[in-house]
Amino acid sequence: MSRYNHRDVEPKWRAAWDGAGLFRAREPQEAGGRPKAYVLEMFPYPSGRIHVGHSRNYTMGDVVARYRRACGFNVLHPMGWDAFGLPAENAAIERGIHPGDWTRANIATMRDQIRLLGVAYDWTREIATCEPDYYRHQQALILKFHEMGLLYRRKSTVNWDPVDNTVLANEQVIDGRGWRSGALVETRELDQWVLKITHYADDLLEALRGLERWPDKVRTMQANWIGRSEGARVRWRLTAPFQTADGPIDDIEVFTTRPDTLFGASFIALSPDHPITREVARTREDVAGFCARAAQLGTSQEAIEKAEKAGVDLGLRVRHPFDPDWEIPVWSANFVLSGYGTGAIFGSPAGDQRDLDLARKYGLPVTPVVLPPGGDPATHAIDLEAYDGPGVTYNSRFLDGLSTEAAIVAAIRRLEEIGAGEGVTQFRLRDWGVSRQRYWGCPIPFIHCVACGVVPVPREHLPVTLPQDVTFDRPGNPLDHHPTWKHTTCPTCGCAATRETDTLDTFVDSSWYFARFCDAANPDLPFDTAKADYWLPVDQYVGGVEHAVLHLLYSRFFTRAMRDAGLLHTPSGEPFAGLFTQGMVVHETYRSSEGRWLLPEDTELAGDVRVERATGAPVAVGAVEKMSKSRKNVVDLDDVVRDYGADVVRWMVLSDSPPERDVEWTSGGALGAWRFVQRIWAAVDALPAGAPGPLTVA
RNA sequence: GCGGACGUGGCGAAACAGGUAGACGCAAGGGACUUAAAAUCCCUCGGCUGCAAGGCUGUGCGGGUUCGACCCCCGCCGUCCGCACCA
C-alpha cells in the first residue's frame, strides 16, 4: 500500500493542468452551448506573502469554480492584484525600495504561493492595477464619468489622516480613526475630486432587494449606510438679513422628518461649523469659544456618549413659517452635524431627547404637540423624557386632531403652498471623495491651466504614467515634489500648465476589475462590451465582510456608471449576483515576556507550556485573532504546503468550521486533516487496478 | 443607545413544520498488530449513578405553551458584528 506523498503528487498534477490549459475560460463565441459561470474571489493586496487566511478565501472560490466546470459550465475564474496602495510607499520610505519594485516582487512571490495551492485559475487573465495597461483604461473611464457629470471637483471639508498624510472617504473612517493608520482623523478644507455616488443613491438602495443571493447582513449594512429618510426642508425667514462676505442671508433651511411637530418648535440650532455660526464667531468671543470646544470634542464613541448637550444663542431670530408673528431664537448646538441635511435643525424639545436636553439646560420653552396613544391632553406633560413616537397632534392649530402620519402630509402640503418648504428625501450617503495625496496610485488625468481652468487630458495622451524617479525623503506627495513631472502644457491653449498631482483612491482600482477580467488583454478598451455582457454579473463572489460598505458599494456604483456610459448592459446594474462572505482564519497570538509579538513558528510547546524556540523563555499566549501581519499570528502558506501539502491546507480551512464562520488554525487540526487525506488516498489505493473507483476523476 | 447574529461535549459542530440531542470529524484514553515507533484496525468518550441490564440528569439562566421544546412565547444573562448625536 502506497502513501500519499504530496511532494510528488501535487507538482505532477499542477503541471498536467497547466499543460492542458485546463482552467482557461472559453471566449463567448467558443463556449458552444455551455452556460457561463463567473466565479471570483476578492483579489488581494500584494502585501508580501500569502498566509493560510488568504487560502481559505481562494479555496472556497475554487470549490465553486471546479464544481461549475464539472457541471459543464464555461467558467471564468481569474486572479489579479490590487496593487496600488500605501504600504508600498511605506516600504519605500523604510527600506529605500521603489514602490513598484516592492509591489512587483511581492506579486511574483505571492503568485508562486497561490500556484502551490493548486487553485484552478485562468492565469492568462492576470491583472495588476498598478500597471499602465490597467490604469490607462481607468483613466479613460474617469474621463468618461467626468463628461457624464459623475466626477466633479469641489472644495470640501475632508477627513484628513495625519499619519498617512492623505484624505480619507467617509467609509474609510472607523470610529473617527483612519481605517489603515488608526490615527484620529482631522478635518481640513481641500479641493477634491469627487465621484457622484449619490446620483444612484435611490437605485443603490432599492436594488438591494433584488440581491437575493447576498447575505442579509451586508444588505442591511448598505441600506443603513445609504440611509434614506423622508421628510421636509423648511425655510425659516430671518427677522433681519444676516450679512456675510458673500452677501446677505435671508433664511435658514432645516431638514426634518417630523414636520408635524413644527408647532412645537422653540429654537433653531445650527452646527458649530455652519457658515452663520462661523461668521458670528468672528465677532463674539463666547461663540468662538463654544465652537472651539465643540471641535475638540472629537468623534470617538466615548466622547459622543458622554458629551453633554451644549449650545449658544447666536442673537438672531427667525419667523415661524406658519405664523410670521411668531419669532424663535437661533442657536448653535454641539450635537448638530454639519454633514447631514442642511447642518441646521429646528428644535422641537417635546419630541426629541437632544432638543429637550438643550431646552431644559437653557430654559427654552417645551410645548408638547404629540399626544401618545391613550394620553390625556389636559394632563400630558413632558418633563425630562421626550416622546418621539406617533400619536395625535395637538397644540398645533390646523394640524390638531390629525394622526402623526396625516399631520406630516398636511404640514408638507401647507409648506409647499406658502413656499416655505417642500417634501424631500434625504440621504446619509455622501459623494465619494477620491483624491489622494499619494504617489503610488492612478494619476488623475487632468491639467490645471491658468487660462482654461481644469482641462481633461486628451484620450490619445493616455495613459498619464507615474514617473519612476521619485523620492520619499520629505513629507507630502512625491508627485508634487518631482522636478519636472507635473509641468506640461495646456491641451486647449498650449500655455504652460500643471498636471493634477492627486492620485485616485485605490478603491477606484477595485471598483471595476471584475469587468476587466472579462477581456483582460484588450489594449484599446477597458473591456469589450459584448464580452462584459456575456460574463457579468459575477455569479459567485467570495470575500471578507469587511468590505460590506466600501468595495461592495463602490463596485455597485461603478457598474451603474459604466452601464450609463454605454459600456455594458447588465440590466440590473449589479456587479455581483451572488455574494458569500466567508469567515476568517484565526490563530492564537504569542508575545514574549518583553511584549514583542512572536510568529507561531518561533515558538514551541515544551510539555504544556509554550516557549520561545530560540531562548526557551516562556511565551504569553494571547487571544485568538484574525491572522494579521501586525500581530504576527500568521502561518505562512509555504510552510504548511511543504509539511502537509496543499490538499491538507485546503481541507483543513474548509472542513473544520462552517464556511461563514471563523476557523481556528491549530497544528492539531492540520495534523487531523493530514490523516484524513491519507485515509482517502489509502481507500482509493486499495481498489484493484483498473476498477471503477468511488470517484471518477475526469 | 439602535440594528443584527449567536449561546449545544475537551474542540469544530449536527439535529430546527415541535418528535430517540450530540450525526460526522478532531483531540483524548484503552486494546490489537509491531523488537519499537508511525500508519492501520477495534473499543470507550456530556454529567451523575450502577457489577450489569439500566436509572436520573443535561442544549446560557428563570418562567410559560404543549402529550412532547435545542426548536415556539415572555423575561433575564453573556459573546460577537455593524451603525451611532443622521434631526
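Values in this document were obtained by computation on a predicted structure and should not be read as measured data. Values below: every heavy atom of this structure, side chains too, minus hydrogens, waters and symmetry copies.
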Check every atom of B:C86, B:A84, B:A13 against the side chain of A:Trp225 and return the nucleotide holding the closest atom.
B:A84
Is a side-chain donor-acceptor pair under 3.5 Å present for A:Thr198 with A:Asp431?
yes
If you only use heavy atoms from C-beta on, which nucleotide in B:A13, B:G3, B:A84 is closest to the side chain of A:Arg661?
B:A13
Please check if atom CZ in A:Phe398 has more than 12 non-hydrogen atoms from other residues, nucleotides or ligands closer than 6.0 Å.
yes
Compare the minimum distances between each of B:A13, B:G3, B:C86 and the side chain of A:Thr220, then state the nucleotide with the smallest one.
B:G3
Inter-nucleotide P distance (B:C45, B:U8), Å rounded:
22 Å
When rounded to the nearest Å, what value does the distance between C1' atoms of B:G54 and B:C42 take?
25 Å
Separation of atom CG in A:Asp273 from atom P in B:C85, rounded to whole Å
14 Å
Less than 3.5 Å apart, any donor N or O on the side chain of A:Tyr340 or A:Ser229 sitting next to an acceptor on the other?
yes
List in chain and number order the residues that pass salt bridge (charged side-chain N to carboxylate O under 4.0 Å, His left out) with A:Arg397, two or more places apart in sequence or in another chain; answer none if no residue qualifies.
A:Asp323
Taking only residues two or more places apart in sequence, or in another chain, which ones meet A:Arg319 in a salt bridge (charged side-chain N to carboxylate O under 4.0 Å, His left out)?
A:Glu327
Quick test of your reading: applying salt bridge (Lys or Arg N to Asp or Glu O under 4.0 Å), list the pairs with at least one residue in residues 337-354 of chain A, sequence neighbours left out, ordered by first then second residue.
A:Asp352-A:Arg354
Of the nucleotides B:A87, B:A84, B:A13, which one has an atom closest to the side chain of A:Ile345?
B:A87
For A:Thr581, the side-chain hydrogen bond (donor to acceptor under 3.5 Å, both in side chains) test, sequence neighbours excluded, returns none
Pairwise C1' distance for B:G30 and B:A23, with rounding to whole Å:
24 Å
Looking only at side-chain atoms of A:Val336, point me to the closest of B:A87, B:A14, B:A84.
B:A87
Hits for side-chain hydrogen bond (donor to acceptor under 3.5 Å, both in side chains) against A:Ser511, two or more places apart or cross-chain, chain-then-number order -> none
Stems formed with participation of RNA chain B [Watson-Crick or G-U wobble, under 3.5 Å, three or more pairs]
B:1-7 with B:77-83, B:10-12 with B:24-26, B:28-32 with B:40-44, B:46-49 with B:54-57, B:60-64 with B:72-76
Are A:Arg428 and B:A84 close enough that a side-chain N or O sits under 4.0 Å from OP1 or OP2?
yes
What integer distance in Å separates A:Phe255:CZ from B:C85:C1'?
16 Å
With sequence neighbours left out, what residues match A:Asp388 under side-chain hydrogen bond (donor to acceptor under 3.5 Å, both in side chains)?
none
Say we look at B:C2 and B:G10: how far apart would their C1' atoms be, to the nearest angstrom?
38 Å
Any protein N or O atoms within reach of nucleotides 27-34 of chain B? Criterion: under 3.5 Å, listing atom names and distances.
| unit_1 | atom_1 | unit_2 | atom_2 | d |
| --- | --- | --- | --- | --- |
| B:A27 | OP1 | A:Arg675 | NH1 | 2.5 |

Rounded to whole Å, CG of A:Leu358 lies from C1' of B:A87 at a distance of 13 Å
Sub-3.5 Å pairs of nitrogen or oxygen atoms, protein against nucleotides 78-81 of chain B:
| unit_1 | atom_1 | unit_2 | atom_2 | d |
| --- | --- | --- | --- | --- |
| B:C81 | O2' | A:Lys217 | NZ | 3.1 |

Pairwise P distance, B:A32 and B:G50 [rounded to whole Å]:
28 Å
Side chains of residues 403-414 of chain A: which donor-acceptor pairs under 3.5 Å do they make with residues two or more places apart or in other chains?
| unit_1 | atom_1 | unit_2 | atom_2 | d |
| --- | --- | --- | --- | --- |
| A:Ser403 | OG | A:Ala406 | N | 3.1 |
| A:Thr404 | OG1 | A:Gly391 | N | 2.9 |
| A:Thr404 | OG1 | A:Gly391 | O | 3.2 |

Expressed in whole Å, how much space separates the C1' atoms belonging to B:C72 and B:A13?
24 Å
Regarding the side chain of A:Tyr340, the nearest nucleotide among B:A87, B:A13, B:A84 is B:A87
What is the distance, to the nearest angstrom, from the CD atom on A:Gln222 to the C1' atom on B:G4?
16 Å
Anti/syn call for B:G9, syn if |chi| within 90°
syn
Would you please name every residue forming a salt bridge (charged side-chain N to carboxylate O under 4.0 Å, His left out) with A:Asp286, sequence neighbours left out?
A:Arg284
Tell me: CD of A:Glu660 to P of B:C6, nearest whole Å?
10 Å
Can you tell which of B:C86, B:A87, B:C85 lies closest to the side chain of A:Asn334?
B:C85
Aromatic ring centroids of A:His199 and A:Phe557 under 6.0 Å?
no
Please report the distance separating the P of B:G3 from the corresponding atom of B:A84, rounded so that it comes out in whole Å.
16 Å
A:Asp352 atom CG is separated from B:C2 atom P, nearest whole Å, by 15 Å
Rounded to the Å, how far apart are A:Leu654 CG and B:C26 P?
16 Å
Any heavy-atom pair between the side chains of A:Thr367 and A:Phe263 that's under 4.5 Å?
no
Can you tell me how far C1' in B:G62 sits from the matching atom in B:C43, rounded to whole Å?
41 Å
Contacts of A:Arg428 meeting salt bridge (charged side-chain N to carboxylate O under 4.0 Å, His left out) (sequence neighbours excluded), chain-then-number -> none
From CG of A:Asn224 over to P of B:A5, roughly how many Å is that when rounded to an integer?
13 Å
